[in-house]
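It should be emphasised that the depicted structure is a prediction, and the values quoted were computed from it without experimental measurement.
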Amino acid sequence: MPMSRRLLIILGPTAVGKTDYSISKALELGSPVISCDSRQLFMNMSIGTAVPDASQLSAVKHYFIQTIPVDQAYTAGDYERDAIALVEKLFDEGHETLVMTGGSMFYIDAVCNGLDDLPDGDPVLRAELWARAAEGGVAPLAEELKSLDPLTYSQIDTQNTQRVIRALEGCLVSGKPFSAFKTGARRQRSFEIEKIGLNRSREELYERIDGRVLNMLDAGLVEEVRSLLPYRGCQALQTVGYREIFDYLDEKYPLEEAVRLIQRNTRHYAKRQLTWWRRDPSIKWLDL
RNA sequence: GGUGCCGUAGCUCAGAUGGUAGAGCAAUGGACUGAAAAUCCAUGUGUCGGCAGUUCGAUUCUUCCCGGCACCA
């Protein structure tokens, strides 16, 4: 008799209340919590990423919480590989239902649908391309992409430097058009996927966000960020809550302005999350 | 009670000697194939406090009313 294997993904905008909900769901189902959060993955970033607290972490086994050094690069592709490996292992050990939770839209989609085998980036080349963009703008890079890969050029936002460089990098590293690697095919998974979307009224969500930022300050956000100053340039620190405090430490603006910006940028993030998920009909929404 | 000032977008305010209005902040919609808490694109949402008068036309001028603030009693 085939064992049923189900991955229950609890998603929702930041600060909606995923942590508590997923822990109680995990306890109910006898599952660990598999985090799907591109920032809680990193070590030493606990206050600003609202990592579960000690009692929450001891209530149920958590995966992918604070496991990677902040100066290490980690991508959605890495997460797809690591998460699928873990999930397969846990299913093989006898779990029927596994609880995954998080707000990283792209990571969730990588787990559900898989990413194509696109060429890896080359850090040196990437740095060169960014230097060119800083000097002459995106336009010349976009033109170069147009000649190497007209299809990608026609599909992406050519004002989006990050996208243009990523595609150009793919072309230059592989010697082929970046688009040649895209199949758009969904990867077959060995388990069922169910998605629950947690939501609240916009007003309530924004109040929770604003309040949570103040709590982070009380909890010592400024000191946490100060301790991460040496890693400021790392990918992990390109994050709401950290960049604004770095600027405050530079005396670019007062603390209250940093707080205001963190609150606003977090609200913007929540809005982007909701935009992403709005087009996903497989999510069952639940108002908290 | 009297006098003066103010009432315009969610907030702070600007404005037209009469032709139904615009800045900042906030907000909203969208995109997304290895940086994704990143990156990028788009958008003004308004009975101009209310009733009436003058006028071809009033948010603008006038009367009155309502609300707020200040000062004088």
Side-chain angles (χ1 to χ4, degrees), chain A residues 11-16 18 35-42 45 47-51 68 70-83 102-123 126-127 129-130 133 137-138 142 149 151-152 155-167 169-170 173-174 178-187 202-203 205-206 209-210 212-213 216 233-245 257 260-280:
Chain A
L11 54 85
T14 189
V16 78
K18 293 187 293 295
S35 170
C36 186
D37 188 303
S38 69
R39 299 298 131 125
Q40 291 183 2
L41 270 166
F42 291 100
M45 295 171 65
I47 298 171
T49 63
V51 142
I68 298 170
V70 289
D71 58 352
Q72 189 175 314
Y74 194 85
T75 68
D78 295 328
Y79 184 79
E80 179 190 353
R81 185 196 62 232
D82 294 346
S104 297
M105 311 83 90
F106 191 37
Y107 281 31
I108 293 171
D109 282 6
V111 167
C112 295
N113 308 323
L115 299 173
D116 284 324
D117 289 317
L118 301 177
D120 284 331
D122 170 13
R126 179 179 299 188
L129 293 172
W130 273 101
V138 233
D149 184 357
L151 184 58
T152 296
Q155 287 170 342
I156 68 170
D157 177 357
T158 52
Q159 296 201 72
N160 190 331
T161 311
Q162 213 172 78
R163 291 275 148 63
V164 171
I165 287 181
R166 166 67 183 137
E169 223 182 304
V173 164
S174 68
F178 189 58
S179 54
F181 298 89
K182 291 188 190 173
T183 68
R186 281 198 165 200
R187 198 148 297 183
R202 204 56 82 88
E203 190 186 17
L205 184 63
Y206 285 5
I209 287 170
D210 291 351
R212 190 176 71 175
V213 172
M216 285 175 176
C234 298
Q235 169 211 319
L237 273 306
Q238 307 315 309
T239 303
V240 176
Y242 292 83
R243 292 163 135 186
E244 297 87 348
I245 299 292
E257 175 66 358
R260 193 186 71 81
L261 291 173
I262 294 170
Q263 290 173 325
R264 184 198 62 187
N265 293 339
T266 306
R267 280 182 243 125
H268 288 350
Y269 172 50
K271 195 170 85 64
R272 263 181 283 133
Q273 290 176 299
L274 291 167
T275 297
W276 181 289
W277 290 318
R278 205 168 281 147
R279 69 183 175 191
D280 184 346

So, is [X] close to the [N] phosphate, meaning a side-chain N or O under 4.0 Å from OP1 or OP2?
| X | N | answer |
| --- | --- | --- |
| A:Ser104 | B:A37 | yes |
| A:Gln235 | B:G34 | no |
| A:Arg264 | B:A26 | yes |
| A:Arg166 | B:A36 | no |
| A:Tyr206 | B:U28 | yes |

[N] versus [M] - spacing of their [atom1] atoms, nearest Å:
| N | M | atom1 | result |
| --- | --- | --- | --- |
| B:G34 | B:A23 | P | 38 Å |
| B:A38 | B:A26 | P | 16 Å |
| B:C64 | B:C51 | C1' | 8 Å |
| B:C48 | B:G19 | C1' | 15 Å |
| B:U54 | B:G67 | C1' | 26 Å |
| B:A21 | B:U62 | C1' | 22 Å |
| B:U17 | B:A52 | C1' | 24 Å |

Among [options], which nucleotide sits nearest the side chain of [X]?
| X | options | answer |
| --- | --- | --- |
| A:Asp157 | B:C40, B:A35, B:G34 | B:C40 |
| A:Phe106 | B:G29, B:G34, B:A38 | B:G34 |
| A:Asn160 | B:C32, B:U39, B:G34 | B:U39 |
| A:Thr275 | B:A31, B:U33, B:A37 | B:A31 |

Rounded off to whole Å, could you give me the [atom1]-to-[atom2] distance for the [X] and [N] pair?
| X | N | atom1 | atom2 | answer |
| --- | --- | --- | --- | --- |
| A:Arg163 | B:U39 | CZ | P | 11 Å |
| A:Arg279 | B:A31 | CZ | C1' | 8 Å |
| A:Ile108 | B:A36 | CD1 | C1' | 11 Å |
| A:Lys182 | B:U33 | NZ | P | 6 Å |
| A:Ile156 | B:A36 | CD1 | P | 18 Å |
| A:Ile165 | B:C40 | CD1 | P | 11 Å |

Subject >> Residue pairs involving residues 156-167 of chain A (criterion side-chain hydrogen bond (donor to acceptor under 3.5 Å, both in side chains); sequence neighbours excluded) >> reply: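 For residues 156-167 of chain A: none.
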**OP:** Assess whether one donor atom and one acceptor atom, taken from the side chain of A:Arg202 and the base of B:A27, lie less than 3.5 Å apart.
**Re:**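 No such pair is found, so the answer is no.
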Subject >> Under-3.5 Å donor-acceptor pair between A:Asp37 side chain and B:A37 base >> reply: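 Indeed there is one.
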All salt bridge (charged side-chain N to carboxylate O under 4.0 Å, His left out) counterparts of [X], not counting sequence neighbours:
| X | result |
| --- | --- |
| A:Arg126 | A:Glu169 |
| A:Arg267 | A:Asp210 |
| A:Asp78 | A:Arg81 |
| A:Asp280 | A:Lys195 |

Subject >> Residue list, side-chain hydrogen bond (donor to acceptor under 3.5 Å, both in side chains) with A:Glu257, at least two apart or on another chain >> reply: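 So A:Glu257 forms a side-chain hydrogen bond (donor to acceptor under 3.5 Å, both in side chains) with A:Arg260.
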Taking the side chain as every heavy atom from C-beta outward, state whether [X] and [Y] have any atom pair closer than 4.5 Å.
| X | Y | result |
| --- | --- | --- |
| A:Tyr79 | A:Cys36 | yes |
| A:Leu41 | A:Tyr107 | yes |
| A:Thr266 | A:Thr14 | yes |

Original post:
What parts of residues 266-274 of chain A reach RNA chain B, counting only heavy atoms under 4.0 Å away?
Top reply: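 The stretch gives A:Arg267, A:His268, A:Tyr269, A:Lys271, A:Arg272 as the residues lying under 4.0 Å from the strand, ordered by number.
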Original post:
Taking O4'-C1'-N9-C4 for purines and O4'-C1'-N1-C2 for pyrimidines, is B:G4 syn (within 90° of 0) or anti?
Top reply: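 Chi for B:G4 falls in the anti range.
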Subject >> Pairing residues for A:Phe178 by the ring-ring contact (aromatic ring centres under 6.0 Å, His included) criterion, not counting sequence neighbours >> reply: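 For A:Phe178, no residue satisfies ring-ring contact (aromatic ring centres under 6.0 Å, His included) once neighbours in sequence are set aside.
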**OP:** Kindly express the pairing pattern of RNA chain B in dot-bracket notation, using | wherever a base pairs with another strand and counting only Watson-Crick or G-U pairs under 3.5 Å.
**Re:** (((((((..((((.....[..)))).(((((.......))))).....((.((..]....)).))))))))).
